[in-house]
Each structure stands twice: as C-alpha cells, then as structure tokens.
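Lettering of chains follows the sequences in order, A, B, ..., and the numbering in each one begins at 1.
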Amino acid sequence: MGELRLMKGNEALAEAAIRAGMDAYFGYPITPQSEVLEYLTREAYRRTECTILQAESEIASINMVYGAAGAGARVMTSSSSPGISLMQEGISYIAGAELPCLLVNVNRGGPGLGTIQPSQGDYFQSVKGGGHGDYRLIVLAPATVQEMADFVQEGWDLADKYRNPVLILTDGALGQMMEKVDLRPQVDRKAHDAPGWATTGKTGDRERNIITSLFIKPEEMEQVNLRLQEKYRLIEKNEIRVQEINTEDADFIIVAYGLSARIGRKVMELLRDEGMKVGLIRPITLWPYPYETISKAAEHVKGFLALEMNAGQMVEDVRLAVNGRCPVGHYGRMGGIIPSPEEVVDEIKTMYSKIQ
Amino acid sequence: MGELRLMKGNEALAEAAIRAGMDAYFGYPITPQSEVLEYLTREAYRRTECTILQAESEIASINMVYGAAGAGARVMTSSSSPGISLMQEGISYIAGAELPCLLVNVNRGGPGLGTIQPSQGDYFQSVKGGGHGDYRLIVLAPATVQEMADFVQEGWDLADKYRNPVLILTDGALGQMMEKVDLRPQVDRKAHDAPGWATTGKTGDRERNIITSLFIKPEEMEQVNLRLQEKYRLIEKNEIRVQEINTEDADFIIVAYGLSARIGRKVMELLRDEGMKVGLIRPITLWPYPYETISKAAEHVKGFLALEMNAGQMVEDVRLAVNGRCPVGHYGRMGGIIPSPEEVVDEIKTMYSKIQ
Amino acid sequence: MEHNMQEIEHHYDEMEIICERPATLLDARMHYCPGCGHGVAHRILMEAVEELGIQEQTIGVAPVGCSVFAYHYMNIDMQEAAHGRATAVATGIKRCYPDKYVFTYQGDGDLAAIGTGETVHTVNRGENVLIVFINNAIYGMTGGQMAPTTLISQKTSTTPYGREVPFMGNPLKITELLAQLPGAFYVTRQAVNTPANVRKAKKALLNGLKWQALKKGTCFVEIVSNCPTNWGMKPVESNQWLEENMLPYYPLGDMKVPSKEELENG
Amino acid sequence: MEHNMQEIEHHYDEMEIICERPATLLDARMHYCPGCGHGVAHRILMEAVEELGIQEQTIGVAPVGCSVFAYHYMNIDMQEAAHGRATAVATGIKRCYPDKYVFTYQGDGDLAAIGTGETVHTVNRGENVLIVFINNAIYGMTGGQMAPTTLISQKTSTTPYGREVPFMGNPLKITELLAQLPGAFYVTRQAVNTPANVRKAKKALLNGLKWQALKKGTCFVEIVSNCPTNWGMKPVESNQWLEENMLPYYPLGDMKVPSKEELENG
Amino acid sequence: MVEEVIFAGFGGQGVLSMGQVLAYSGMIENREVCWMPSYGPEMRGGTANCIVTVSSDEISSPIIGTFDTVVALNQPSLDKFESAVRPGGTLIYDSTNIIDPPTRSDIDLVPIPASEEAVKLKNTKIMNMIVLGAFIAKRDTVQIETVLKALKQVLPERHHHLIPLNEQALQRGRELANAAVPVA
Amino acid sequence: MVEEVIFAGFGGQGVLSMGQVLAYSGMIENREVCWMPSYGPEMRGGTANCIVTVSSDEISSPIIGTFDTVVALNQPSLDKFESAVRPGGTLIYDSTNIIDPPTRSDIDLVPIPASEEAVKLKNTKIMNMIVLGAFIAKRDTVQIETVLKALKQVLPERHHHLIPLNEQALQRGRELANAAVPVA
Amino acid sequence: MAKIRGDVKIDIEKCKGCELCVVACPQDALTLSNEINKQGYHYALLVEDVCNGCKSCALVCPDAVITVYREDRSGKKTPVAEVRNVTGDITIKVGAEDAAN
Amino acid sequence: MAKIRGDVKIDIEKCKGCELCVVACPQDALTLSNEINKQGYHYALLVEDVCNGCKSCALVCPDAVITVYREDRSGKKTPVAEVRNVTGDITIKVGAEDAAN
Ligand SMILES: Cc1ncc(C[n+]2csc(CCOP(=O)(O)OP(=O)(O)O)c2C)c(N)n1
Ligand SMILES: Cc1ncc(C[n+]2csc(CCOP(=O)(O)OP(=O)(O)O)c2C)c(N)n1
Ligand code: SF4
Ligand code: SF4
Ligand code: SF4
Ligand code: SF4
Ligand code: SF4
Ligand code: SF4
Ligand SMILES: [Mg+2]
Ligand SMILES: [Mg+2]
C-alpha cells in the first residue's frame, strides 16, 4: 500500500495522474473541477516535467489532447458538463481516430449554465454518445475519492489496451469532498514509450503514420465502423466492472452508480435493518454496461429501482437488461440535490407494497 | 394546394422556411447541407427581408440563434453531424432557457470527420441528449423531400407552442436528392409578433424580461428541472406522430424512420408479395417516441426489426417499447451506405425462420 | 488621521440630491466582493442608459463570469449568454432588431479566451453593438485562474509561480488587435479606480451606446478593473496594484475614435 | 503562337535532372482541381522538408478543407485535425515533442473563421510551430462559400450578389493581426502564382521550418492562392484574377522578420 | 413502370442537368421521380454522376447499385459502371472518346458519337442532349415532347434561345440511337 | 458512532480549515471521514461553510440537511442553521457578534465569546480554534491530542510556530464550553 | 457662508466596507465604522462635517450606496430618491459609544 | 554551341492540363495536346526544341509532374528519379498525327 492522505476528489485525481506517469494535461477552468488544473500547475511539472497547459477553451483542450494522443503521449483533460458538451466534436474525432486518452467529467446540474452543484445528468451523453456517429467511450464511475484516484491509472491502461478514449464520469460532490485516499507509488514516465502507430516522425524503417477519422468512400468508412463495432463487442466481453452487495438473497435491488450508489448502500442498510431483503448493484463501468448482472438478478427479484441524480437516464439500461421480467422504478433528484437515504427508503417501501 | 416543384431536400427546406415567415437564419457551411445557406442567401432577404447570416462557426451560429430566439424571432440553423456536435452546449442552453427555434441536422456518416454520405448515426445524440443535463428536443424525421418542406412550419409551430427547440433530423440523401414538392403559400412575417417573455426592450408597462438557464441554488434549479420534465410529459402526451402501414394483420413489423423507412416500405412490399404478413411502423417524431404504438403492436406480432443506417441506436427504444414480449432484431448499414431492400428481405427471412 | 467620531447632523430635506443610484440599477444588494470594479462598471453603464433615456430600447447580454448575474441588477431586458458567446448572442438580437441598443458585458476570460473567435468576427462584421470588456487580468468567478490578460509573472491559482511567457505567452492586448479591424467604430480603454477615471469611463460608455444609432460599426470599451479577492488584496491595495502594474501594460486612452465627419453624416 | 507540332527527340540519359518531384512528396495523383495552388504549396513545403533533411523529425497537421488529404501526398507522419483546430492539435504534439518540427497547413475558412480562437492563442503563446495559411478567399472544399478573406463584392455561393461590407464585414487580414502578437517570430505573406513567387514562397517555408529549432515563437506563412473551380475561372485566368484583385488587398511581403541577433543567439 | 438510370461523366459535360431534365419530364408525366447526384470532394476528381428514378410507384432508395440503364460519357465512367447494368438493360455511351469499348453481350450496347456530333452542331455544350435523345429513343420512359416542355422549365430564361438547338440535339440523338450498332 | 457537523461563518473566519482539522483528526483515529465545502459563487457572498462527517462506518452522502452539531460563527449562519440541528443536538456559536441569540430549547446551546477571547489571546486568526476546542469538549468525536497531531499535518511548515498558540486556543475553547451557559 | 456645503447619505446595510470612498474623499470626511452591519462589514460613515458634495465617494462606490447632497439653491426636492435608497436610520452613535469605552 | 540546352519530361497521365506551365515558359516551348489522357485532360507537351531548363514550368506545376533536365557537364546521372517519376512513354506523335489531318 502506498501513502494515506486526506484529499479532495479532484486533487486525488490530479495526484494520481502525476503518479501514473502522465505526459500531458490540457484543460480549461470550470467549477467544480478547477482544482485539477490548479493542483497540476502547482505540482506536476516540477515533479515529472510533464506538460500542463491551460488552454484558451475546452475545444482547444480536447484538440490538444487529440494531437498529443496521436503522438503517443499519455494525456488527459477534465472539465464539467458545459465544457464537456463543447468537446463532443473532438471526442467523436478521437473515438474515430482511435486515440487512447483520459477524459474527466465532473458532472454538474444542467441543462445550460444550470448550477455548479453535483448531478448525474450527463449519463446519456457519456454512454450513448453525445457526439455524432457510432462510437463508444469506456466510462468509469467512481464512488469514492479513493476511486477518483484509482481509476486514473486503470483508465489509461484500458485506453491503451483498446486504443479508445476513456471517460471518468464523476460529479461535483466527489470532486469537492475530502476523504482518505491511499495513493499508488510514482510511475516513471519513461516506462511507457510511444506506440508504433503514433506520429512521432516517419523514420526510414517504417511507412508514415497517419492519424485520421476521415474515410470519404462509404465502403471504406463502413469497414472502419465495423472494425470499431468489433472492438466494442470485445470490450463488452472483457471489461465490464460491477459491484454487487447482498444480491444473492435479495428480492429487491437498487441499481445506482457513483455518488448515488453511496446513498443506495445506505438505503439498503436501513431497509435490511427493517428486515427487507434489499440488494445493491453498482455499475462501475457505465459502458460497457453490466446488463448480464442485472439480467441474472432479474431471474429472482421482484423489482428494481434505479437511483440517479437526474430525471431518469440509466433506468433505460436497467429496463433493457430486465426486459420486462419485473417492474423497474426510478427515483431521482435534480438540479444539484442529493437524495437523502430516508426519502429513497419511503419510495422503495411504496413501490414494494405495490409489487406484493 | 400550393405550387409543385422539383427540388433538392435542402432547397425545399430553405424555401419552406422563407414561406413560413422565418425572421432569421444563422449557419455555417458543411456538406451535405450547404445548399440551405446558399439557397437562402440567394432568395430570402430579397423576398422577405429576413436576416441571413453566414456565421464564423457553428458555435457562433447556435448562439446567434439563442439571441434571436430570446428576442422572439422565428429563427433557424442547420448543419451536419460534426457541426451539430459543436452546437451541443448551445443546444443545452437553448433547452434550459426554453427558447423556441428550429435546428436541422443533415446527418452524415461518423464518427469524426467520417464521410459526407448519408447516415442515421446521430439518433442517440438527437433523442437522448447530446448536450449536458436533462433536456429534450422535439425531433422530427422527414422521409421525403415533401416532408423536408412540411416539417419546417410544423417544427416552428411546435417550438412556439412549447417554448422548446425542435430538431429536424434528416440525412445527406434526403438533403441532396430532388423530388416533387408541393409548397405552401408565403406567410407574412408580420403575422407573428414577439411573445411577452422575449427581450425586446423593457417597456414601462412590464417587468424586465430575462433569458437565462442559470439557477445557482439547487432548490431553484430542481424546480426548473421539474417544470421542464412536466412540459416533456405534456409533449409526450400530445405530440407523438407515427405512420403505420399494414400493421393490423401483420405478424412481423419493421420499425424505421427517415430514409430507412423508404427502404423498409419497399422491403415490406417485397415480402407481402411473397405472402408474408409484414407491416411497417415509421416514427415521425423520434422524440416523443411512439412507444405506445409499438407496444400495442407487440401484442400480436411475432417479432420486430429495427432498420437503421447505424450500428443500432433506435433499436433500444423499440426494445423498451416491446419490453421482452417478442424478439427485436436490428439491421443496419454504416459509413454512408444505404441498405438495399434485397439484403433486408434476406435478413428478415432468416430472422423469421428462427422465430417460427 | 484619527477622527473624533462626533455625531453629524444631517439636513437632507433642505438639500438637493446631486448624485444617486440610477433608476436603471435595481435596488438590490450586489453579490460582488467588497471593492470590486464590476459594481462601478454596472452603475455607470446604467447611468448612461438612463441619461440617454433608452432603457426601453436597450437589451443587454450578460457573460459567464462574476458578472453572470448582471441581470439581477440592471433594470433592462437581458439575456445570459454561454461562456464566451455574448457577442454572438448580441449579433442574433441586433440583426433582428437593428434599431434597438444592444450591449454585451464580458470579462477577460469570456471575451479574450474562449470567446476570441466570436469577439474578432463580431467586430470584423462591424455589428452595431457595444461591447463592454472588463479586464481584471484574472478569472474571478472560478477562483482566480490565469486569464489571457494576466500580467507577466503575476501569480494566479493556475500560475502559482507567476505567468511565464515561454509557457503561457504574453498578456493578450486584444483591444489593440480589435482596433485594427475596419469594423470597429470606436475603441477605447478606460478604468474605474479613481473618481476622474470613473467620469471618463462613463463618458465612453455613453458614446458607445449612443453611436450605435449611426450604424457604422462596433463600439468597444475596455475597462481595466480589479479583483481584490483573487488578487489577494484589500480593495484599496488592489486599486494601487492596478495603477502600478496594469495601467503601464494596458495604457488608458482611445485607440480608435470616429472623425467629426463620421459623427455628423450619421 | 501556332506550334508546328514536330516530334522532339529527347536525350534524358545524357542530361542531368535539375528539378524533379521531391522524394518527400509521394508519387500519387493529387485530387486537386487543375491549376490549384494547393499542389504547388504542397510541393514546395515538401521540398523544404527534404532540403532541411528533417523528414524523420517532421509531423504535419492537415486541416479540414480541400487539403484535408494532404497526408495522402506528404510522405511524413501526419494528423488530420478537426475543422479549425489544427493549431491546437499542433500545440498538443509540439508540447510533447519540443524538438520535432511541427507544422499546420490550413485554409482561410479553417484558420480564419472557425479556427480564429485557436489561431490567435497559438500564436500568442508563441508555440514553436510553423503555420502555413492558404488564402484562396473562399471555401473550396464545400463548394465555394464566402470565406473571411473573400474580397469586397466578390461573388461566392453564399454571397451571390457579392460580399457586402455592411452585412458581412470587410475581408479579414488575419495575418496582419497575428503579426502584432509578441508570440509571433516570423510572419510573411507569399504567393505561388509565378515562378518567381514560388521561389520566394519556398524560401519562406524553409525559414519557417528551420527557425522552429530556435524555439523563439511561431512562424506564420500565408500563401495567397487560387480556386479556379469555385472562382469559376480557367487556372490561367484565376492567376490573373489573383494578381489583379487579391494581391492589391493582400500585398505580398514580410510583416515580421527576426533580427540578426534573434537568429544568431539561437 | 420503373426506370432506374445513372448518368456519369466528367464535370462540365452536363451529366447532372441531363438527369434533371429527365426527372422533370417524369414529373410532368405525373410519375414519381427522384434525382440523386454524387456529391462532395470526389467531384474534385473531375467526375460527376447522378442517379434518376422514374416510377409509377413510390420510390424507396435514391441510391442504388444496379441500373436499367447506364449512360456513360467517358472512359472512366464506362469502366466503372458497365458491370452495373442489369442483365437485359441498356448501356449508352459517347463513343467519340472511348478507347476500350464495353464488352458485355447480355445488355443492349448503344454507342453514340455524341461529342463528334456536337461539334458538327457547332456547340459542344449540347452533347448531353444528344445522348439524352438517344436515351429517350431506347427507353420509352418519357415522351420527347415532355422533355421539350421540361427544358423550358429547367433552362433559365436567358438560355431559352437555345431551346431549338437542344431540340435538334435530342432529335439527332434519337436518330443515332436507332442507327447505332455496337462496336463489339 | 457517527458525528455530522456543519461549520458556518464568513469567509476568512477559518471555517473550512477547522473542518479539515476535525476530518484529519478523525482519519488519524481510523474513522471514516468526509469533508464537504460549500463552493462556487455563493462564496462571493462572503459566507462559507463545510460539512464534516466522522463515522465508524462507510459514509453515504457528503451533503446533508440536518446535523448533530452546528457551529455558527456569525449571525447569518446562526439564523440559517439553527433549525438544522437535530433534536438533542448541539449548537455552538460565537456569541461576540450575535445580536439575536438562538431560541430552541430542544438542543444544547453553547455560546462561546470566541472573537473576544481571540482578541485577548492577541490573534484574531485563532478564533476558529477556540470554537473547535469547544466542539471537542461538547462532542467527544475525537481526542484533543489527536487534533494537535492533525494540526501539525494540516498547517504548512511555515506556520508550525503557531501550534502552541493553537493548542492554547483549543484548551481555552474547551474551558469556555464547559463553563458555557445559554443566554436564552 | 462661502464654503459650499454638501452631505452624503449612505445605505449602510448595503455597504461592504471596501473603504474606496474613504480614500477617495478629498475632505477626508469619511471613515469605516467600528461596528459591523448585518452582512458583517464595517460600513462607511461621514464623521467630519466638511463634505462639499464633490461626489468622489459616490463615483467610486462599487455598491452605489452613497447619495450625495448639496445645499439647495433651487429649492427643488426629490424625496423619491430617499424613499428608494434608504433602509434604516443611518445616523448611528458609533463614534460616541466608542468614546464611551 | 553557346546556348544552354534543357529538356523536360512530363508525366502526362498525371498532368491535368491546367496550362500554367505553358504560360510560364519564357521560351514558349510548351503547349497542350489535342488528345486527352485517361483522366480526360489535354496534357502538356514540349513542342519547340528551345528549352533552356529554366524550371519555370516545373515551379508552377501544381501536380509536380514536370522533371527538368540540363545538358550534363558533371556527367552525374540520377536514374532513380526517372524510375520514380515516369509512367509510360511520353514521346507521343500527337503533333505529327494532327499535321496529317
Ligand atoms: C463552457 C464553459 N467553460 C468554463 C466555464 C467556467 N467559467 C465560468 S466564468 C469563467 C471565467 C471568468 O473569468 P472572466 O471572464 O475574466 O470574468 P470575471 O469573473 O473575471 O469577471 C469560467 C472559465 C463555464 N461556465 N462554461
Ligand atoms: C465542424 C465543421 N464545420 C464545417 C465543416 C465543413 N467544411 C469543410 S472544409 C470547410 C471550409 C473549407 O475552406 P478553407 O478552409 O478555406 O479550405 P479550402 O478548401 O478553401 O482550401 C468547411 C466549412 C466541417 N467539416 N466541420
Ligand atoms: S471574485 Fe473578483 S471579480 Fe469576482 S466579484 Fe469578487 S472581486 Fe469581483
Ligand atoms: S476546389 Fe478550389 S481549392 Fe479545392 S482543389 Fe479545387 S481549386 Fe483547389
Ligand atoms: S465605497 Fe461604498 S461600499 Fe465601499 S465602503 Fe464606501 S460606501 Fe461602503
Ligand atoms: S461628496 Fe466628496 S467630500 Fe463629500 S464625502 Fe463624498 S467625497 Fe467626501
Ligand atoms: S524549363 Fe523553362 S524553358 Fe524549359 S520548358 Fe520549362 S519553362 Fe520552358
Ligand atoms: S502545369 Fe503541370 S499539370 Fe498543369 S498543364 Fe503543365 S504539366 Fe500539366
Ligand atoms: Mg476576469
Ligand atoms: Mg479557402
């Protein structure tokens, strides 16, 4: 085990990035994630001589990420909802050009300028594709400051393994709050060198490398799309991560991710105390989504509740997994409000009584 | 009836906008929809003195639309996939500020720069929300050049009725191809004047008007979100549009929209000729989605096939509607390729044989 | 000096008011930090609107920045623009209402970083709007990050060791750039740190607003301002720092003024 | 003149090649229209890379525009950037590989319209890259719409009655603006319409590339070019039109050149 | 009744407009019609084509892979689309600039020395109308009278003086088509 | 065991850091801890607060509406959060600048003349530590020794000379708390 | 007398105690109170009877809480202003009290 | 003889017949063929034996299809170039044929 600290989620993420041997970070300030850039400008260059650049905008940031990733660098950007929306074209390009990189969305309440308080309103954008075209991001949803740190290294490893952008979808509360975090040791930046496909200069011993997402001929473009889809099937096969608590004997299951999963866990405990057999499924990868896990559970439970800080987004994936075998409810708060365990308990009780 | 012409879809849409009394258009060129701006610069100002401005970018365009709509103008922008991705922040703002306006996406193949050929790869972005936060666009999917024209006026009417942005989701083929179109008569621009909430200058007789999507207090923001959700429920109740062909006696149904629906219809005819009871459901509004219609049909059919020019997007909504009652297949081509009726016929036959 | 704090008798009713809060500025507590220049800029802008008697024809566009809530204070129709897009929003409004008075009010991050493209092209098109540019050399709202206008070696939360030119470039004099564009009709740099400067700044805003009627191009008024909070200074100090550090790099004065003829054959 | 087309005898093997396609330019048919300046610009840029012997250290960034396929022709590592973002992409590459040679190749729509913000800030940061700016006063790839650089009263598919200043503003001289920025190290405007100009333009590209090694700021080479197809002219006419209409408004020459000292203490 | 045809050639040969004239004619005869051009940068390559469908029923896809008739105005188009003619279909081509003529025996080959004829008619621009005349002769998709009506609609006023010339071209094309013998 | 507390006051009164010291102390005592600040432009208003949870079990929500303890360092905070104290909970406040004292009778009211005391200790900056001392006395969430350890960790080196003073302040706060009598 | 007399009315509850008016006053007639207002700020007060109505304080006041008066020669009154601008009684005996300590 | 002799080799299949080389040639040695190449363009041809190897044509050629030669004084050969640059035989008897008509 490494080094125990009390840190903000945003700072833990930034510290973890330095330790994971990040080569470059490009970003633009926005509440509630500015601490990432602030922490990095304080700490990163002096420690590993990596590049930390405050870009003129999120659009510049994501395209700098494109350039650096295309040159084989271990690169990251972070922002919050409105800034992530601005990056959608760039993200689609990155996915199309199959560039490994790490994106972070510290989700705040929308739509529009909205509020800077925590939200999970960007689920659809993250997992169904907010940009144009058929592409997928690998989406990791931390629920603790510890995971804010851990998922950085894991995110980059996944990105490199599949040449695919990885998104850490978190929220303002997880970004701003301080918790214990156990930090991993520093990785040497030299440890990883640029992959063979990267544009590092065409040496005599190889053909030139090209980073592009343009395939003007439909036949070609379709081949590219098919290759991407194949890759996505492979990722769905290999990389689903999910946490199950008390699902074996459960006859009712709460499905929640990130901050909501913490509430969900509390709700589960409260209801278990009252003798109700409630379980929790926490998707850790939002894409690929743990349809299987939920589907299996649907065999023996009486109902599900999707608990989200939005108007009902992930609940569609739960329904797709359950596929009509039992009722799937949704409980959500919006606008930056975190549901209290008590209100969810009541919600489940009423739903439960209907099911009986 | 109006005036019969042979027109490109893009031009029919532009002509219809002029006739619908458009006050302003802001846009940026992109294949395959540049004809909209080109046609308007030729025709519009001289005929109705409306504003036609080529902006410096799609981001400028969508924010000009925001300003004009906020001032009560009947305004439109159009683009194609990458350009629409760039507009996601602006669209989220427009939805949050509840500004009525018309957006047009002449869908091309993605991800990234992709291809300029027709595609339906932006379905998720359009209906689930490509931007941040919980919001909805009313999405109209024309299948003919005639509808490219008709949906302009209808789109604006819906936008005004609900103070909500409306998106016409079409594709490169419908934009570029010429068909007969029956044009409606010219509407007088003076016919509609700015609504009371618009920022047209604070007269002594009223409080100042403010257009904003910012509600910093979570409690306030949640109220705004709840109001929006209420509105969305109302739209779902009132505005679903769907076309059903041969569904009564069908034991298998093709679900397809836009260009795919034309292929689907042909497929249906070919299969009917072979004595198979195949029907077609064509969602015209992609949001609100005709879950009900599909759900009803699920009562008596053996299976569904979602036919799309993408890797499988709308099929999720079909599954949500069918909710496990019978198998739902998907057939799609990507990268700008339009499926041929023949290949779909084969697909359905194999699927059909499995079902039996 | 030590004041012997004896009570003062007031005879307001025997006197006349010669200076008061303008009616165009709502009587609400502003959320700005103590001593923040935004408050002064708001007031003189609204005084200008009041004096020109154009409250009913004026539409303002608020930015994303500390002045995001300008519409809570200015008693006119207003729109809240996305970060950096205020001039595009203003273009949308003005093109539909060419005879109204439209202004944007933007910070340095909003106008000169993320909004650079919109700013340059709005001025290049010569949109007949007033752009009010509050340059406080920092991102105030988000907690004091580097702005394009942050001075060399100035410490901010994202330049903890000071702005280093090789990495972050030089402070951007966007106003000088914009003055080069034929679309610009009136371009000036002002400040609000002293009574005299406040008077001049207000005059500039008056011109910027009223000259819209001529439809001869964009009026651009930069106001060099402070951010006591993120500069980490008391308001009074901050104005001194502004005087000693900002003004030398951002000298006050007109960069482009309409000629007599231009103003006459309006 | 009337040529009496008698057959010419060639004795290539007795002669030496004094001018040929550079090895850095792949032997592929270019998709450009007949007489398009992009082809010349491609060739001299690749000649410069070859002559400097930096093919192995050079990374190019292609724009979205007719030159989107530059990477089909240039035999170096290349990235295809999103429309307008080439300089941001180049920044990303260069910041990770400060010792490589990085250039962008962009059209006027790409660099001066949608990419304005990235262009201005890349130069303001003084990124040590070469920006090659092909100004043909039009959007070539998308079929001839107005560009920021389209001339006054020039007809395009979106200015069917000619560019009107009151509505669309003046042609944007972005190169002049960028030359004002301290981050700019070398700024020049060239053309490729005559043999002499081609020679000069190539020299400029040579300098723009090799001066990156000094790490003293951005090199920016504008090349005034043609678009016979969308100008609706034969290639030869188009070069005449360029000479008579573009060059008066976009005069050729250096706008910012490094001093002897700057070049020496590299 | 349905006719699916592709017109292909170099840019500037007027392939797009001949397709439009056909589509417009079909419209006048109350058919369902659809005209779909190739678009985008491939045009930079100098080639252009359009697919026209004239039908008595609703038209499904505007873009198809095989055709009742292929009209090829240059060698590349001929090479590219010869194989796309449906068995029993028709391949009409400008024989003037063709080096390798088509070889299929299961389709009707119609060589038309259109460019040559156009020169004789002293206006190379109407080459496409000669070919269209041939098309009309071979495939009775629309009446030649309708095509003349359509021309009036499609041509901008300022070009109406060219209508007689176009008529002449259409007629000449028809004669050539009826006289045409495959070179194969 | 779980303690949920909110520290609220004006910016500059050190509410955020006193919360951090508590959280850090909890961590040293191997508790689960969570510190959540109010953030964003509302800070412009001049007020600041943070919620600290110290618990023996996993912590669910970092943001909650009612508290075991409310620590209010000014009138607005007192007005805003008095009602948020759970019945039987504790309300600690700086009585120096309070005009309208709290009125609830179902909770433990602990007025501490912290600002006044800080002046006496010749350093207004340590007012927050006096209050924290009171908190520790009233709610045995963490040991005062632990808090002193935590201080060493939280304070930057250059301020370590202030630790004795802070210790003094904590002790003083404890005394005051034990002596405190509600004004109500 | 010859000297022009002026006076100021300060909305102390909205005052944020930034002190800009204090330093701007050429007559050094203003200072910050020892007490704080509900917002927690030491507010500005007129403490010397030497105001000449030069407006400097009002011009630099970011919160627009200063109304400036001049001895009335025209006899014109504008009571509206007062109604709109003043909350609470602004003559407070801070100085005096202080002196008492 | 004194006059410097030059020559050009044109890759006619890649030539797009833009004619820029023709107008650029100070010796007026080039013209466009009457025939078209596979791309459909009338390609450039050297038709007067007056080339002095000034390179003007090659400099302005957008498709980089012109290789310029000079009478060899050094005796140096660079055959690689030819291999890389030439497709098909470029001496075609267009002129001659034409004359025949
Ligand atoms: C798209 C987007 N990016 C970033 C932000 C976060 N943000 C809000 S204000 C601001 C900059 C504020 O600085 P400035 O424009 O100088 O205004 P000031 O607060 O200094 O007056 C930023 C980066 C945002 N709201 N939206
Ligand atoms: C985001 C986005 N918007 C618009 C387009 C469409 N588009 C492609 S190239 C181009 C402009 C081309 O003009 P220019 O940059 O001048 O290059 P040129 O073709 O003239 O060399 C445009 C608008 C796009 N591909 N992506
Ligand atoms: S943060 Fe700075 S700019 Fe914002 S209100 Fe406070 S002082 Fe003013
Ligand atoms: S369209 Fe214009 S710019 Fe593009 S290749 Fe053709 S001539 Fe060149
Ligand atoms: S300037 Fe205004 S806010 Fe500041 S102290 Fe004076 S009166 Fe108060
Ligand atoms: S009006 Fe002038 S003299 Fe009177 S208080 Fe204000 S600044 Fe001082
Ligand atoms: S090298 Fe010079 S002389 Fe020879 S053909 Fe070319 S241009 Fe003419
Ligand atoms: S310049 Fe090149 S492409 Fe153009 S005609 Fe001459 S050889 Fe052919
Ligand atoms: Mg600022
Ligand atoms: Mg161009």
Within residues 156-193 of chain C, the residues sitting under 4.5 Å from chain A by heavy atom, in sequence order, are C:Ser157, C:Thr158, C:Pro160, C:Tyr161, C:Phe167

Within residues 71-83 of chain C, the residues sitting under 4.5 Å from chain A by heavy atom, in sequence order, are C:Glu80, C:His83

Among A:Gly112, A:Gly83, A:Ala55, A:Ser34, the residue with the most heavy-atom pairs under 4.5 Å to chain C is A:Ser34

Picking from A:Ile52, A:Thr41, A:Ile59, A:Thr51, which has the most non-hydrogen pairs under 4.5 angstrom with chain C?
A:Thr41

So which part of [X] gets closer than 4.5 Å to some heavy atom of chain C, the side chain, the backbone, both or neither?
X: A:Leu40; answer: neither
X: A:Leu53; answer: side chain
X: A:Tyr28; answer: side chain

A:Glu38 and C:Gln145: side-chain donor and acceptor closer than 3.5 Å?
yes

Interatomic distance, OG1@C:Thr142 vs CD@A:Gln33, rounded to 0.5 Å, equals 10.0 Å

Nearest 0.5 Å, what's the CE-CG distance between C:Met146 and A:Leu37?
8.0 Å

Do C:Val64 and A:Leu113 make a side-chain contact, defined as non-hydrogen atoms from C-beta onward lying under 4.5 Å apart?
yes

Side chain to side chain contact (heavy atoms under 4.5 Å, CB included) assessment of C:Ile114 paired with A:Glu58
CA-CA 8 Å; C:Ile114 192 169; A:Glu58 290 85 357; 3.3 Å; yes

